[in-house]
Amino acid sequence: MCNHTGVTYFIILGFSAFTDVWLPFFILALFIYLFTLLGNCTVVNIVYLDPLLHSPMYFFLCNLSIMEIIYSSVTLPKMLRNLILEDKRISFIGCAIQMFFFLALGTTECLLLAIMAYDRFTAICKPLHYSLIMSRQNCCQLSTWCWCSGLLLSMGQTAFIFTLPFCGPNVIDHFFCDIPPVLKLACTDTYFNEVAIFSVCVIILLVPFVLILCSYTQIIHTLLKMRSVENTGKAYSTCVSHLTSVTLFYGTASFMYLRPRALYSLHTDRFLSLFYSMVTPMLNPLIYSLRNKEVKTSLSKFLKGHLCHK
């Protein structure tokens, strides 16, 4: 890639224009990052330790938590470093690597949320075939497919951007190496690249979303026909948790990557990117634990056992 560019590093501005609030934001960002790590690590631990949670739904939830840990770690440590140090540089290769993992994990989350919706559809609409359809082998294959698809699609997008010539401006007016601010620095017409990337983003976001929509249409239809109030309440609880995550993730991601070029706003996108890179990974453990009786019970047993051990 270096043969196509005269730029060897980028400067990430981040909060450089807001020098008066860097300390409060540093404390807030550090708290969010630590809480994200703690919350998602706790989910992974209780799913691993409690045999009652060894089911497909919690297997995919565990995958989602692992993904959120890595996802937040791709951008937040560098962001925290830039807040306290004057040197805000990131190497050309480092920027490409950061974008690669950021896009890969975002794509993986899209696919995981779709698979989790399919899991709920199978459990509620086809309960007699659930254990066969969502067997351990099938769950592992679906999970592997999500991760590998995210890596492969991200590799193509990242290569498509960083093989462009970057010959002059190297200041990224953003908090990390995201697609729109990096494309703006290319020393060539990027219209074709933007159309191609937009098309890929439409496929990555809309295809899983349509699958989620179809799954929940069938789920709602089935729930309306259920006579058991207890079963309906349990199914409703797990579905609401998943739909909340879907709304948070797809709402911000769609607004970021599926807008016409004329509606692009650098200032809006900078703060919106903070939401889906910082807040969403922090909220997911809360969403799934606060509304899920089994997770709350397992968490209570985990905390009691840990305190008694001490």
Side-chain angles (χ1 to χ4, degrees), residues 12-49 61-90 94 97-99 101-103 105-106 108-109 112-113 172-178 181 241-242 244-253 255-256 267-292 295-296 298-300 302-304 306-307 310:
I12 300 178
L13 287 184
F15 270 90
S16 297
F18 305 93
T19 53
D20 295 337
V21 296
W22 75 267
L23 183 57
F25 183 77
F26 175 82
I27 295 171
L28 177 63
L30 181 60
F31 171 79
I32 289 174
Y33 181 53
L34 294 176
F35 191 86
T36 300
L37 295 180
L38 177 63
N40 285 287
C41 284
T42 301
V43 170
V44 173
N45 276 325
I46 62 174
V47 170
Y48 176 75
L49 294 173
L61 177 58
C62 191
N63 270 264
L64 185 65
S65 291
I66 292 171
M67 191 279 306
E68 297 288 23
I69 292 169
I70 306 171
Y71 187 67
S72 58
S73 298
V74 168
T75 56
L76 276 176
K78 182 68 175 177
M79 192 186 302
L80 290 168
R81 177 189 177 278
N82 288 346
L83 278 167
I84 59 175
L85 297 180
E86 292 184 5
D87 184 7
K88 303 183 188 305
R89 291 181 296 178
I90 184 171
I97 292 172
Q98 186 183 61
M99 182 182 291
F101 281 106
F102 182 76
L103 295 177
L105 294 164
T108 302
E109 182 163 0
L112 275 174
L113 289 173
I172 299 175
D173 194 4
H174 206 59
F175 301 108
F176 53 88
C177 295
D178 202 0
S241 299
H242 181 252
T244 305
S245 290
V246 168
T247 303
L248 287 172
F249 180 79
Y250 277 92
T252 53
F255 186 78
M256 279 292 296
H267 296 294
T268 302
D269 286 3
R270 283 199 308 178
F271 289 97
L272 191 62
S273 67
L274 289 178
F275 184 83
Y276 68 76
S277 63
M278 291 174 56
V279 180
T280 303
M282 178 188 69
L283 290 179
N284 271 339
L286 294 175
I287 291 168
Y288 282 99
S289 61
L290 290 178
R291 295 196 60 88
N292 192 300
V295 173
K296 286 192 288 186
S298 296
L299 180 59
S300 178
F302 174 77
L303 293 175
K304 286 179 181 178
H306 186 66
L307 292 173
K310 283 188 173 183

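Computation of the quantities below employed the complete heavy-atom set of this structure, encompassing side-chain atoms and omitting hydrogens, waters and symmetry-equivalent molecules.
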Excluding sequence neighbours, so at least two apart, what forms side chain to side chain contact (heavy atoms under 4.5 Å, CB included) with [X]?
X	value
Val44	Cys62, Ser65, Ile66
Leu37	Tyr33, Ile69, Ser73
Leu38	Thr42

For [X], which residues count as a side chain to side chain donor-acceptor pair (under 3.5 Å) partner, sequence neighbours excluded?
X	result
Thr75	none
Glu109	none
Tyr250	none

- Message: Could you check whether Glu68 and Asn40, counting side-chain N and O atoms only, form a donor-acceptor pair closer than 3.5 Å?
- Response: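 Judged by distance alone, the side chains do not pair up.
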- Query: Which residues satisfy the ring pair (Phe, Tyr, Trp, His ring centres under 6.0 Å) test with Phe176, sequence neighbours excluded?
  - Reply: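 Phe102, His174.
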- Query: Can you name the ring pair (Phe, Tyr, Trp, His ring centres under 6.0 Å) partners of Phe25, sequence neighbours left out?
  - Reply: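 Here the qualifying residues are Phe15.
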Any [X] side-chain heavy atom under 4.5 Å of [Y] side chain:
X	Y	answer
Pro181	Asp173	no
Leu76	Ser277	no
Leu286	Phe35	yes
Ile287	Leu248	yes

Listed pairs under 3.5 Å, donor-acceptor, residues 78-86 side chains, sequence neighbours left out:
{"residue": "Lys78", "atom": "NZ", "partner": "Arg89", "partner atom": "O", "Å": "2.9"}
{"residue": "Arg81", "atom": "NH1", "partner": "Asp87", "partner atom": "O", "Å": "3.0"}

- Task: Grab the two heavy atoms, one from Lys88 and one from Leu13, that are nearest each other, plus how far apart they are.
- Result: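 For Lys88 versus Leu13, the nearest heavy atoms are CD-O, 4.1 Å.
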- Item | Shortest non-hydrogen contact from Ser72 toward Pro77 |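 Result for this residue pair: O-CD, 3.7 Å.
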Can you tell me how far [atom2] of [Y] sits from [atom1] of [X], rounded to the nearest 0.5 angstrom?
X	Y	atom1	atom2	result
Thr108	Tyr71	OG1	OH	10.5 Å
Phe249	Leu64	CZ	CG	9.5 Å
Cys177	Ile172	SG	CD1	4.0 Å
Ile90	Ile12	CD1	CD1	4.5 Å
Leu28	Leu23	CG	CG	11.5 Å

- Would you please test Gln98 and Val74 for side chain to side chain contact (heavy atoms under 4.5 Å, CB included) and show each step? CA-CA 6 Å; Gln98 186 183 61; Val74 168; 3.8 Å; yes
